[in-house]
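Remarks on the structure that follows.
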Amino acid sequence: CTWEGITYHDDGEFKGLVKQIKLDDNNLIGILPYGQIWMLEGLEHVNLEKNDIVIPFSQVGNAKNLEEVILSETKTSSLEGIGGAVSLKALHITDATLQGPSPSDLFQLTLLEELFLSHNALTGTLATRIGQLKKLQAFYLFGNELEGTLPTELGFLASIEHLSLG
């Protein structure tokens, strides 16, 4: 079966299961109840940016091989539950509707290499737990409503190549 924007695993444990969903800028509208997209256990990459959608992360732990999530320019408003995505290497949610302080489970994503959260309404201070993301290479957080001083734990990000906090 061939569907536009959907890629399947060719072999291995997940043969025939969805590997990638790439439906960016596709005029999708609505709320995906309970984050059903995360029930696809073979899922590795999701790109749904530039759609008028809300996707909760409550069930993201089911997608055990999930490495990349791109939800920029969507109506995604919360990161609650994101800590369940233990294999995640890239999280891009810029120009969305994220608001409030960053949830503590964000800092459980110890394999994270890219974290793009610019142009949202995140508040509070940058948590000292940011230092736990030791593999982080790119971190973009500008255009939010953060305040306070930068934590010294930013110095623990030995792999960082791009840092923009603005």
Side-chain angles (χ1 to χ4, degrees), residues 1-124 127 129-130 132-133 135-136 138-146:
C1 153
T2 303
W3 289 5
E4 182 72 29
I6 308 295
T7 306
Y8 299 91
H9 286 272
D10 293 330
D11 54 23
E13 177 185 0
F14 298 111
K15 183 177 182 176
L17 297 181
V18 174
K19 178 179 184 176
Q20 176 175 297
I21 298 174
K22 187 175 185 325
L23 296 171
D24 52 308
D25 204 7
N26 224 334
N27 296 316
L28 301 176
I29 298 172
I31 300 171
L32 189 61
Y34 314 110
Q36 291 175 338
I37 192 171
W38 312 127
M39 298 303 192
L40 302 169
E41 63 180 295
L43 191 60
E44 294 178 6
H45 306 278
V46 173
N47 183 345
L48 294 170
E49 70 180 324
K50 297 181 182 177
N51 284 293
D52 193 11
I53 57 172
V54 175
I55 298 181
F57 291 103
S58 57
Q59 302 295 322
V60 73
N62 293 317
K64 297 187 185 327
N65 296 306
L66 187 63
E67 293 182 1
E68 179 183 58
V69 173
I70 301 174
L71 295 175
S72 296
E73 298 182 48
T74 65
K75 300 281 187 208
T76 301
S77 60
S78 174
L79 293 172
E80 288 298 325
I82 193 65
V86 295
S87 297
L88 201 61
K89 293 181 180 178
L91 179 62
H92 297 210
I93 309 180
T94 60
D95 291 309
T97 59
L98 294 177
Q99 51 191 317
S102 298
S104 60
D105 60 348
L106 175 66
F107 304 107
Q108 295 172 8
L109 303 176
T110 56
L111 299 179
L112 209 56
E113 296 172 1
E114 298 177 3
L115 181 57
F116 295 13
L117 299 175
S118 299
H119 298 293
N120 283 289
L122 296 173
T123 59
R129 292 183 66 193
I130 191 67
Q132 294 175 226
L133 304 180
K135 295 188 180 223
L136 206 56
F139 182 32
Y140 293 89
L141 195 59
F142 60 89
N144 282 286
E145 299 170 18
L146 298 174

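What you are looking at is a predicted structure, and each value in this text was computed from that prediction instead of being measured. Basis for what follows: all heavy atoms, side chains included, without hydrogens, waters or symmetry-related copies. Numbers here simply count residues along the sequence, with the first being 1.
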- request: Give, for atom CD of Glu73 and atom CD1 of Ile93, the distance between the pair rounded to the nearest 0.5 Å.
  value: 13.0 Å
The single option from His92, Lys135, Lys89 passing side chain to side chain contact (heavy atoms under 4.5 Å, CB included) against Glu114: His92
- request: For residues Ala96 and Leu71, report the shortest heavy-atom separation together with the two atoms involved.
  value: CB-O, 4.4 Å
query: Would the number of heavy atoms belonging to other residues, nucleotides or ligands and lying under 6.0 Å from CD1 of Ile31 be above 12?
result: no
- prompt: Measuring from Ile130:CD1 to Leu106:CG, what's the distance to the nearest 0.5 Å?
  reply: 7.0 Å
Any Val60 side-chain heavy atom under 4.5 Å of Leu88 side chain: no
Point-to-point distance, once rounded to the nearest 0.5 Å, from CG of Leu115 to CG of Leu136: 6.0 Å
- request: Could you tell me whether the side chain of Phe139 reaches within less than 4.5 Å of the side chain of Leu133, counting heavy atoms only?
  value: no
- prompt: If you take all heavy atoms of Glu80 and Ser78, which pair is closest and at what distance?
  reply: N-OG, 3.0 Å
message: Please report the interatomic distance NE2(His9) to CG(Leu17), rounded to the nearest 0.5 Å.
response: 6.5 Å
task: Compare all side-chain heavy atoms of Ser77 with those of Gln99 and state whether any distance is below 4.5 angstrom.
output: yes
message: Looking at every non-hydrogen atom in both residues, tell me the closest pair between Ser102 and Leu122 and how far apart they are.
response: OG-CD1, 4.1 Å
query: So do the side chains of Val18 and Tyr8 get within less than 4.5 Å of each other, counting heavy atoms only?
result: yes
statement: Rounding to 0.5 Å, atoms CG (Asp25) and CG (Asn47) come to a distance of 10.0 Å
field: Side chain to side chain, Asp52 and Lys75, heavy atoms closer than 4.5 Å
entry: yes
field: Any donor-acceptor N/O pair, Asn120 side chain to Ser118 backbone, under 3.5 Å
entry: yes
field: Aromatic ring pairing Tyr140/Phe116, orientation class (parallel under 30°, perpendicular over 60°, tilted between)
entry: perpendicular
message: Distance alone, cut at 3.5 Å: any donor-acceptor contact between the side chains of Thr94 and Ser72?
response: yes
Student check: side-chain heavy atoms of Glu68 and Gln20 closer than 4.5 Å: no
- prompt: What closest approach, in Å, do Gly35 and Gln59 show between heavy atoms, and which atom pair accounts for it?
  reply: O-CB, 4.1 Å
message: Please check: side-chain N/O of Asn51 versus main-chain N/O of Asn27, any donor-acceptor pairing under 3.5 Å?
response: yes
- prompt: Would you say the side chain of Ile55 lies within less than 4.5 Å of the side chain of Leu48, judging by non-hydrogen atoms?
  reply: yes
message: Closer than 3.5 angstrom, by distance alone: can the side chain of Asp105 be matched with the main-chain N or O of Gly81 as a donor-acceptor pair?
response: yes
query: Taking atom CD1 of Ile37 and atom CD1 of Ile21, what is their separation to the nearest 0.5 Å?
result: 3.5 Å
- request: For Phe57, check ring-ring contact (aromatic ring centres under 6.0 Å, His included) against everything at least two apart and list the hits.
  value: Trp38
- prompt: Side-chain contact, heavy-atom cut-off 4.5 Å: Asp24 with Lys50?
  reply: no
- request: Begin from the C-alpha positions of Ile53 and Leu32 and carry the test side-chain contact (heavy atoms from CB on, under 4.5 Å) through to its verdict.
  value: CA-CA 7 Å; Ile53 57 172; Leu32 189 61; over 6 Å; no
Nearest non-hydrogen partners of Ser104 and Arg129, listed with the distance: CB-NH1, 3.2 Å
